[in-house]
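Reminder, nothing fancy here: chain letters follow the sequence lines and each chain counts from 1.
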There are 2 protein chains.
Amino acid sequence: MEPRKIRNMEEFASVSGISRPTLSKYFNDPGSVRVSTRRKIEAALGKYDYRPNIYATNQNRRTTRNIGIVVPYLADPFFNEIGRAVELACIAAGYSPILLSSHGNLAQEHDNLESLRALKPAGVLLAPFGRASDKATIQRFGQDVPLVLFDADVEGAGEAFIGTNNAQSIALIVSYLCRSGEPPCFFEMRTPSNPNANKRREAYLESMKHLGQEAHIFQAVGTGWDFEEIGYREGGRMMAEGVFPTNTILCSNDRLAIGVLAAAYEQGLKVGCDEGCVLRIAGHDDHPFSRYTCPSLTTISQDYSAIADRAAMALLEVIDSDQRGQRRTITLFDGKLVLRNSA
Amino acid sequence: MEPRKIRNMEEFASVSGISRPTLSKYFNDPGSVRVSTRRKIEAALGKYDYRPNIYATNQNRRTTRNIGIVVPYLADPFFNEIGRAVELACIAAGYSPILLSSHGNLAQEHDNLESLRALKPAGVLLAPFGRASDKATIQRFGQDVPLVLFDADVEGAGEAFIGTNNAQSIALIVSYLCRSGEPPCFFEMRTPSNPNANKRREAYLESMKHLGQEAHIFQAVGTGWDFEEIGYREGGRMMAEGVFPTNTILCSNDRLAIGVLAAAYEQGLKVGCDEGCVLRIAGHDDHPFSRYTCPSLTTISQDYSAIADRAAMALLEVIDSDQRGQRRTITLFDGKLVLRNSA
DNA sequence: TCAAATAATTAACGCGAGTAAAGTATTTTG
DNA sequence: CAAAATACTTTACTCGCGTTAATTATTTGA
């Protein structure tokens, strides 16, 4: 006696003995019906295989329970992890996250927002390219859809921004490096695709000044998201040419540092703090691979899950309260120093 | 004179001067209407901002134009790249890909398939866990939804399988290693989460036999997807204990190799083929980071885009032809040897 | 116990588009 | 240029569910 397939809510109403409007209420919020009827519904649900048609549901609801998540580059482990953390936070709150990557491509960021618009999401969590992003587009989007930014800020867009306190984290590692050896030079990309890079440079300058040290900034030529390659090529070239005035290099992020480390290895330059080491290299982000570089990379870890949770929470608040554009909040989490062998 | 917002196709019909059924035809296939009317529609489309409601559209279409893509672990660069390639192939064919990761979690694979079922996709491209996957679930899913597998096969499930020819690729690298130095030992996980691992082990044994060499297999204890950690810990322990009878280690995949390389570095064992090197290490997959290991990793590159394109093509054929379960095809692409400095 | 409060039912409409049938206009063809 | 073929318009129904209003049933509590 195989129970026949249920085609729609009408049919499920007849087999479960509960009226359709009540079922509709139940599926929207199981807690909104009497316990006794809820039990009846769930008993029927166990017996017959029925799920509301999501297209019909979303067509008619004032607002869907979809939340869009957009990150600039999902192949980057940092965005992969933080994207996943945000997803989980949304699921926990009963929403359906839709995670999109802009694939390191600015136009794709715009496309992703447009695709999301068509999905009429309850809200969107966006990690924008930042500087390079089309500010006007994002601001406009934020006027139509509840929007919270994370990782990188875009002035005046969305209801909130959640990120890492670069000033604090860079001060932390600069101070450690100065205390434990020669003061660091700063290695970054000339045209960084991310505004955090600018904040980190400024924080480096500020920290060095504060410690009474001379700052030295070295900028690598190159565009795109192939940071390791740029670190390897440009950092390698600079080392070969001996341009660094101290033996310590602080890289703007771990992926650059990974490239620089590879170049140092190939040039036979021993990196670390032990006897015989001629170079110290540090990064920022605690990239999953920084544990397995040679030597393992001293870096700053960002609090992924705190950023993700807070971002999701901020968005949900906006969605629930329906209060848009009241005041824009900015939340920054401190980074932690991760001491390994490279510095 | 800001053109008023168009609410639905009815309204767009009146402002464009084209009847609603014709518009519906156009949006389903722009080529199905006369060129002159198409031009009229597209002129109006440029003037007014209208897009069909995707929920209403999908509710009523016989079949949606969504294609589900499921990979076991999106944080793994291999699946990230191949997932992206598959996405692009679907977009090129006019479908809307929905990329889901099972996050290294078997239950999630099942959940992902169930979520996709609710989306009533035109078809699904699945890279399953393989051995560990619930064979029955996947086979049943393949009966309800057009399904093509890639990367890892599940016997009898779906309409086709597309992957790498492990026998060929392993034979290639084993033969190279034997030719250029001591014959390789094989390093892998004891309980691999992927059936390719088994095929690679068998291919290793076969190749060594064929070359008249003695095979040596070493299996690391450990579960999950933290391959680098397992390679680092277990591979490192084995090296320290001196269990490898030759100076050459072929790892079942690059991520294990990355961990082994890190361990070798820490133990002061110089890896490579130059003077003074005591160890050779090779991998398989051409992981994006294998270029930046110390030393850079000799490995096998899989033909990502060929696999992705062929998989998408196979699925589209099944969707278009509507011929299900005729005969199951298996397509394997050869790997290429990537010579770097580690072996 | 009985009125007040709460919850479920019945009936009906709306959402935005797919789709089919019948009729009209336009294009193509011989 | 007329007839055949093709494309378009009008009309109307469908899909599956959200939602409301009026009614009826059940629970609560003083």
Side-chain angles (χ1 to χ4, degrees), chain A residues 4-45 48-66 94-96 117-122, chain B residues 4-45 48-66 94-96 117-122:
Chain A
R4 70 193 157 116
K5 269 275 175 186
I6 307 295
R7 313 186 143 274
N8 54 36
M9 203 181 274
E10 198 78 54
E11 239 177 76
F12 186 65
S14 62
V15 300
S16 66
I18 303 290
S19 72
R20 196 171 70 71
T22 303
L23 288 175
S24 181
K25 265 190 82 182
Y26 168 82
F27 285 114
N28 276 311
D29 174 9
S32 66
V33 302
R34 205 141 54 196
V35 205
S36 57
T37 61
R38 179 171 176 175
R39 263 200 278 273
K40 279 188 217 162
I41 295 173
E42 279 164 1
L45 230 33
Y48 303 90
D49 163 36
Y50 168 73
R51 294 171 62 173
N53 179 307
I54 58 167
Y55 298 114
T57 303
N58 282 324
Q59 177 179 7
N60 297 310
R61 239 203 278 268
R62 297 190 196 304
T63 163
T64 69
R65 295 185 75 75
N66 297 327
Y95 286 80
S96 303
R117 212 190 271 273
L119 291 177
K120 306 187 190 307
Chain B
R4 70 189 155 116
K5 267 274 175 186
I6 308 296
R7 314 187 142 274
N8 52 36
M9 203 179 273
E10 199 77 55
E11 240 177 75
F12 185 65
S14 63
V15 300
S16 66
I18 304 289
S19 71
R20 199 171 69 69
T22 303
L23 287 176
S24 181
K25 265 190 84 183
Y26 168 82
F27 284 114
N28 276 311
D29 174 10
S32 66
V33 301
R34 207 144 50 199
V35 205
S36 56
T37 61
R38 178 171 177 174
R39 264 201 277 274
K40 281 189 217 162
I41 295 173
E42 279 163 1
L45 230 32
Y48 304 90
D49 164 36
Y50 167 73
R51 293 171 62 173
N53 178 308
I54 57 166
Y55 297 114
T57 302
N58 281 325
Q59 178 181 7
N60 298 311
R61 238 205 278 269
R62 296 189 195 298
T63 164
T64 68
R65 295 184 76 76
N66 297 327
Y95 286 80
S96 304
R117 214 190 270 275
L119 291 176
K120 305 187 191 306

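We find that OH of A:Tyr55 is positioned 15 Å from C1' of C:dG18, with the value rounded to whole Å. Nucleotide C:dT10 holds its C1' atom 11 Å from the CD atom of A:Glu10, rounded to whole Å. Rounded to a whole Å, the CD atom of A:Gln59 is 10 Å from the C1' atom of C:dG14. Whole-Å rounding puts the A:Lys40 NZ to D:dT26 C1' distance at 10 Å. Here the C1' atom of nucleotide C:dA20 and the NZ atom of B:Lys25 are 13 Å apart, to the nearest Å. As a whole-Å value, the separation of B:Asn58 CG from C:dG18 C1' is 11 Å. Atom CG in A:Leu23 sits roughly 16 Å away from atom P in D:dG16 (whole-Å rounding). Atom CE in B:Met9 sits about 13 Å away from atom P in D:dT9, given to the nearest Å.
The residue B:Thr22 sits close to a base: some heavy atom pair falls under 4.0 Å. When heavy atoms are screened at a 4.0 angstrom cut-off, A:Ser36 is found touching no nucleic acid atom at all. Using a 4.0 Å heavy-atom distance criterion, A:Tyr50 is classed as a sugar-phosphate-only contact. Using a 4.0 Å heavy-atom distance criterion, A:Arg62 is classed as a sugar-phosphate-only contact.
A donor-acceptor contact under 3.5 angstrom links the side-chain atoms of A:Arg20 to the base of D:dG18.
The one candidate from A:Leu119, A:Asn58, A:Ile54 that meets the side-chain contact (heavy atoms from CB on, under 4.5 Å) condition with A:Thr64 is A:Asn58.
Across B:Asn53 and B:Thr57, no two heavy atoms sit closer than the pair O-OG1, 2.7 Å. Pairing each heavy atom of A:Lys5 with each of A:Asp49, the nearest pair is NZ-OD2, 2.7 Å.
Within the 4.5 Å cutoff, the side chain of B:Pro30 has heavy atoms near those of the B:Arg38 side chain.
With D:dC17, C:dG18, C:dA11 as the candidates, the nucleotide lying closest to the side chain of A:Pro21 is C:dA11. Here the nucleotide nearest the side chain of A:Thr57, chosen from C:dA8, D:dC17, C:dT9, is D:dC17. Residue B:Arg34 has its side chain nearest to C:dT26 when only C:dT26, D:dT9, C:dA8 are considered.
In terms of phosphate contacts, B:Ser24 brings a side-chain nitrogen or oxygen within less than 4.0 Å of OP1 or OP2 of C:dG18. Phosphate proximity of C:dA8 to A:Thr37: present, with a side-chain N or O under 4.0 Å from OP1 or OP2. Phosphate proximity of C:dC15 to A:Asn60: absent, as no side-chain N or O sits under 4.0 Å from OP1 or OP2.
With hydrogens and angles ignored, the 3.5 Å screen pairs a side-chain donor or acceptor of A:Lys25 with a backbone N or O of A:Ser32.
Across the interface with DNA chain D, nearest-nucleotide mapping of B:Val35 and A:Asn8 shows B:Val35 to be the residue nearer the 5′ end.
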